[in-house]
**Q** 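Right, I'll just put the structure down here and ask away after.
Whatever order the structure lists ligands and atoms in, that order sets their numbers, starting from 1. By convention here, the first residue in the shown sequence is residue 1.
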Amino acid sequence: MRMTISIRIKRWLSTQKHLYFLFGALFIIPNCVLFVTAPMPATAGIASISIPLAIWFGTLLLSRRPGIIVWILLPKVILDGGQLVLLHLFGESVIAVDMYLNLTSSNASEASELLENIFLVIICVFLFYTLPTLCLAFYSIQIKDRLSDTFRKKWLKISFGLFLSGVLSGCLSFRTFSVKNDIYPANALYNLYFALDKADRNKNYPVTSANFTFHATKPVQAHNNREIYVLTVGETSRAMEWSLYGYEHETTPRMEKLSGLAYFKDAITQSNNTHKSVPIILSAASAEDYDILYQKKSIITAFKEAGFHTVAIVNQKLTGSLISTFYREADTYIDMSAFHTGSYLTSLHDDAILPYLQKEVNNAEGNLFIVLHTYGSHFNYHERYPREFAFYTPDKTDGLRAAGKDKLRNAYDNSILFTDYVLDEVVRILKKSGACSSMLYLSDHGEDIFDDARARYLHASPIPTYYQLHIPYLIWFSDIYRRDYPEKYQHALDHKALPVSTNSVFHTMLDIAGIETKEADPSLALTNEAFLVRDRMYLDDHDDPIPFWKAGLKKLDFKMLDKWNISYKDE
Ligand SMILES: [Zn+2]
């Protein structure tokens, strides 16, 4: 019986006609999976399959032995394999710009994390897709049979008809349909082009921003006091895991006791990717206007121009990125990632920042602006805090598995507990300095930790979730600050229930410090009475703004947005 089946398969495969159809089917598999998983209107979906299918059917006719064409299209076969691996991982997206950038950049922490998990998937796709396709193509070249002219003419006509019907279908949904977005592999190749162009723009930033100046001034100085402002950039912290925000585990006892604290309950990020989110935090760029990133300098230069001594203390490997280029604008740049030679996943605990902060506060006279870039709650969670902060146990897991969710959550909770400690210590140093001071903290994005039926994990996926968007965002004001600038503190309190986003940080920091520049927008400053509520945008894969509720969020996400009172438009 077994023999007969294998003989029948072999006999079926020994004609080029059958191989031709089989290659057509294999070539269209990624499109079919994308059609089923990616959200798009039916007419656009039909176009996204029939146009490329027609092209492949037509192209395979170029030789009487279609296997030759398959081998000529080897790059496509390899790309298809990569696409299938990603579809397995994220379920619903073409290879994104950020994925290419993560793979090509030297600080590919987010990609390298995933690599461990995807190794098995890569092997499966290779064994069951790429290798069989290439073997069959080789076989097609070897056998005697050839495609007949009658067959080729007939299928050329059919392909042409299929192509026309696809174009027609695409025209019916022209508003949502475009070749560069919806037809695989055109979209994957466009994303590659976009990624290369972006890498180039990042590299050229020092040139394109060279002549920029903020013309920043600080007309008013605190009464008899120096002023110290700290911007603490958090990593992978999600608001729902903070007891300050209402989480059932006690994770932020110190922040809850702090006087002079304003925290924003409805805060979301404009990007779930560190390398897009942090530049927005550190500059006047926003999802609404991301390209100005390459023309203007960062918040550090604005403070510097206004007479502040500027410092960046960074506990994260950012070498070669635009973020580290921003930090190089500072008078003092302390790159703690250079202190040890571990992998991307190992770093010093964030409290190692504190002695450097203390030293800078002691050494510098006059006004001081310090950016602290932490490693917060980045995976691997249990490596982010010293053992005395392992309050929730067990907290050790091997890798990322849904079965280990409780342990992962424990470790994650502990990392927040430690962040709470580090922030409290920063505040303590500022209090002790006797300066007029303030500290703004927020996270660059959140994280998925197998939270619902989707069993998603980590962040930076092409389509975000509630868990990756909702971030903690708080500002502490010292007693002296509140005495000298009481109205700023009051405005911050007045705005604490309003919907806010990461694009407010730049303007808020300048407003807190009383820095004036044409680049400052008071309507984005949380401490200014001119603050305006606006629709919150999310930065999509092509660096265009989209309302965050249209970024591909699912029912499960909207349920969480409602639970946490995050405002969005119901449309
Ligand atoms: Zn991040």
**Q** Among the N, O or S atoms of Glu235, which one sits nearest to the Zn ion (ligand 1)?
**A**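 It is OE2, the N, O or S atom of Glu235 closest to the Zn ion (ligand 1).
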
**Q** Parallel, tilted or perpendicular for Phe418 and His349, by the 30°/60° rule?
**A**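 Phe418 and His349: perpendicular rings.
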
**Q** Compute the centroid of each ring, for Tyr457 and then for Phe379, and state whether the two points are separated by less than 6.0 Å.
**A**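 No, ring centres 6.0 Å or more apart.
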
**Q** Is Thr236 close enough to the Zn ion (ligand 1) to have an N, O or S atom under 2.8 Å?
**A**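 No N, O or S atom of Thr236 is closer than 2.8 Å to the Zn ion (ligand 1), so no.
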
**Q** More than 12 heavy atoms of other residues, nucleotides or ligands under 6.0 Å from NZ of Lys198: yes or no?
**A**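 Enclosed.
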
**Q** Describe, in one word, how the ring planes of His495 and Phe531 are oriented to each other, choosing from parallel (under 30°), tilted (30 to 60°) and perpendicular (over 60°).
**A**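 Tilted: the ring planes of His495 and Phe531 meet at 30° to 60°.
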
**Q** Please name the atom of His445, restricted to N, O or S, that is closest to the Zn ion (ligand 1).
**A**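 Within His445, restricted to N, O or S, the Zn ion (ligand 1) is closest to atom NE2.
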
**Q** Can you name the N, O or S atom of Asp444 that is closest to the Zn ion (ligand 1)?
**A**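 For Asp444, the N, O or S atom at the smallest distance from the Zn ion (ligand 1) is OD2.
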
